[in-house]
Amino acid sequence: MKWVRKNIENLSPYVAGKPIEETKRQLGLRRVIKLASNENPFGPSPKAVSAIQKVIGNINRYPDSNNYYLKQSLAKHYNLKSQNFVIGNGSDELIDIIIKTFVNEDENIITSETTFVEYQIIATINNRQVFTVPLKDFRYDLNGLRKKVNSKTKIIFIANPNNPTGTYVNKNELENFLTALPEHALVVLDEAYDTFIDVKDYPTGISYLDKPVITLKTFSKAYGLSGLRVGYCIADEKFTQYMEKTRQPFNVNMLAQVGAEAALSDKLFLKKTRTLTLEGKYYLYQQLERLGLAYVKSVTNFILVDVGRDCWEVFQELLKEGVIVRDMKQYNLNTHIRVTIGTAEENAYFIKKLEKVLLAKKG
Ligand SMILES: *Cc1c(COP(=O)(O)O)cnc(C)c1O
């Protein structure tokens with residue numbers, strides 16, 4: 001097609017988790033549970049909901065272009081300065097802003113082969129070259145990444161923990177990696193799942209503000225605000241000041257700013273989410289073992305499971321039973337599904353249906 005740019009014509013677009021309403025409509029189901037997008041199954045932060053209700057009558061006005069109050073709250077929360085933050089319409093937008101701000105047309109980006117696909121999609125849309133490195137034992141191979149770095153490498157994206165595997169890069173690995181990098185390379189650490197970490201050697205990017213490191217965080221997962229679209233990055237002001245130039249003036253809507261600020265202070269909700277998610281994780285581990293299924297140990301709110309047969313078929317069969325998961329065909333993990341840890345009831349329902357689907361296949 002002569003009108004469209006070549007890289008858009010050839011682009012494989014992002015495949016989102018199947019929505020609940022669409023599934024009900026298409027399959028004529030009354031009950032559908034969604035364990036496909038790593039959302040918070042316990043709802044949004046109640047503090048966020050009531051804060052939004054208070055300002056909803058003001059939406060005839062533009063939102064605050066400076067995100068003043070949200071940045072103030074974040075600065076206080078992390079004991080940093082407002083200037084250390086850039087707010088985005090989800091961290092997806094910040095990935096775009098980072099690439100637009102820092103990567104010249106002849107420079108490249110490096111990431112893992114099996115990771116959050118938005119790094120590659122957004123880089124391609126922006127006409128930037130991406131090199132990928134295979135995982136090792138379902139984990140980021142930082143030595144492999146370092147070997148790919150050349151004189152034109154500008155950014156290395158590391159999802160830590162990684163989606164869709166649930167594994168993490170530890171402190172030692174990250175520090176060795178940072179030390180070995182050439183001066184022209186920037187590291188982006190995407191910490192979308194940091195709330196669920198239950199290990200001691202996890203390194204947060206915030207400890208490396210003196211290095212060329214940008215940390216991404218989101219309100220979409222543990223805070224329960226996927227539908228609002230708010231994420232932020234934390235970095236030295238020498239980086240954030242230019243990202244501020246690149247972003248759209250009203251990229252974060254009014255309800256998102258207010259909701260995120262309230263959610264940030266909702267310690268009770270966050271604690272409940274974390275505790276119940278960890279309980280759900282151990283329950284699912286135990287049940288998957290009972291079913292004789294291999295899975296990858298996770299530090300997140302989702303688990304990568306090897307169902308031992310074609311994952312697209314298992315996905316379809318589960319869908320008919322009213323359970324939406326994610327098949328991993330897109331990642332060439334042909335027998336794996338990714339399942340989000342749900343409420344206790346949802347987890348039990350998922351296991352019951354998975355068992356049914358797998359037994360039916362056997363017979
Ligand atoms: C879910 C997710 C995000 C969040 O994106 P938002 O745009 O903030 O909703 C970012 N990175 C990874 C690795 C994720 O899994």
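We use all heavy atoms of the structure for the numbers below, so side chains are in, but hydrogens, waters and symmetry mates are not. Atoms within each ligand, like the ligands themselves, are counted from 1 in listed order.
Electrostatic pairing of E39 and K221 does not count as a salt bridge here, judged by no charged N lying under 4.0 Å from a carboxylate O. Checked for salt-bridge contact, K211 and D236 miss the test: no charged N lies under 4.0 Å from a carboxylate O.
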- [ ] Report the C-alpha separation of E173 and R139 in whole Å, then their side-chain angles, then the decisive distance to 0.1 Å, and conclude whether the salt bridge (charged side-chain N to carboxylate O under 4.0 Å, His left out) test is met.
- [x] CA-CA 11 Å; E173 291 169 319; R139 302 176 69 239; 2.8 Å; yes
- [ ] Carefully, step by step, assess T114 and S112 under the rule side-chain hydrogen bond (donor to acceptor under 3.5 Å, both in side chains).
- [x] CA-CA 6 Å; T114 308; S112 182; 5.6 Å; no
Open item on the list: I'd like to know whether T167 forms a side-chain hydrogen bond (donor to acceptor under 3.5 Å, both in side chains) with N162, so could you lay out the CA-CA distance, the side-chain angles of the two residues, the decisive distance to 0.1 Å, and finally the verdict.
Closed with: CA-CA 6 Å; T167 55; N162 189 31; 4.7 Å; no
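Residues P63 and N251 have side chains not in contact (no heavy-atom distance under 4.5 Å, counting atoms from C-beta outward).
Every atom of ligand 1 with a heavy atom of S220 under 4.0 Å away is listed here by number and element: 6 (P), 8 (O), 9 (O). Listed by number with element, the atoms of ligand 1 under 4.0 Å from a non-hydrogen atom of A192 are 2 (C), 3 (C), 10 (C), 11 (N), 12 (C), 14 (C). In the vicinity of G90, heavy-atom distances shorter than 4.0 Å reach the ligand 1 atoms 6 (P), 7 (O), 8 (O).
Within the set F116, Y232, F219, Y193, the minimum heavy-atom distance to atom 15 (O) of ligand 1 is found for Y193.
Using a 4.0 angstrom heavy-atom cutoff, N38 does not count as in contact with ligand 1. Residue contacts with ligand 1 do not include G231, since none of its heavy atoms lies under 4.0 Å from the ligand. Distances shorter than 4.0 angstrom occur between a heavy atom of R229 and an atom of ligand 1.
A donor-acceptor contact closer than 3.5 angstrom links the side chains of N163 and R338.
Taking the ring centroids of F102 and H184, they lie at or beyond the 6.0 Å cut-off.
Residue, atom and distance of the protein heavy atom nearest to atom 12 (C) of ligand 1 are D190 OD2, 3.4 Å. The protein heavy atom nearest to atom 5 (O) of ligand 1 is S91 OG, 3.2 Å. At the shortest separation from atom 2 (C) of ligand 1 among protein heavy atoms lies K221 NZ, 2.4 Å.
Looking at N163 against ligand 1, only its side chain comes within 4.0 Å, counting heavy atoms.
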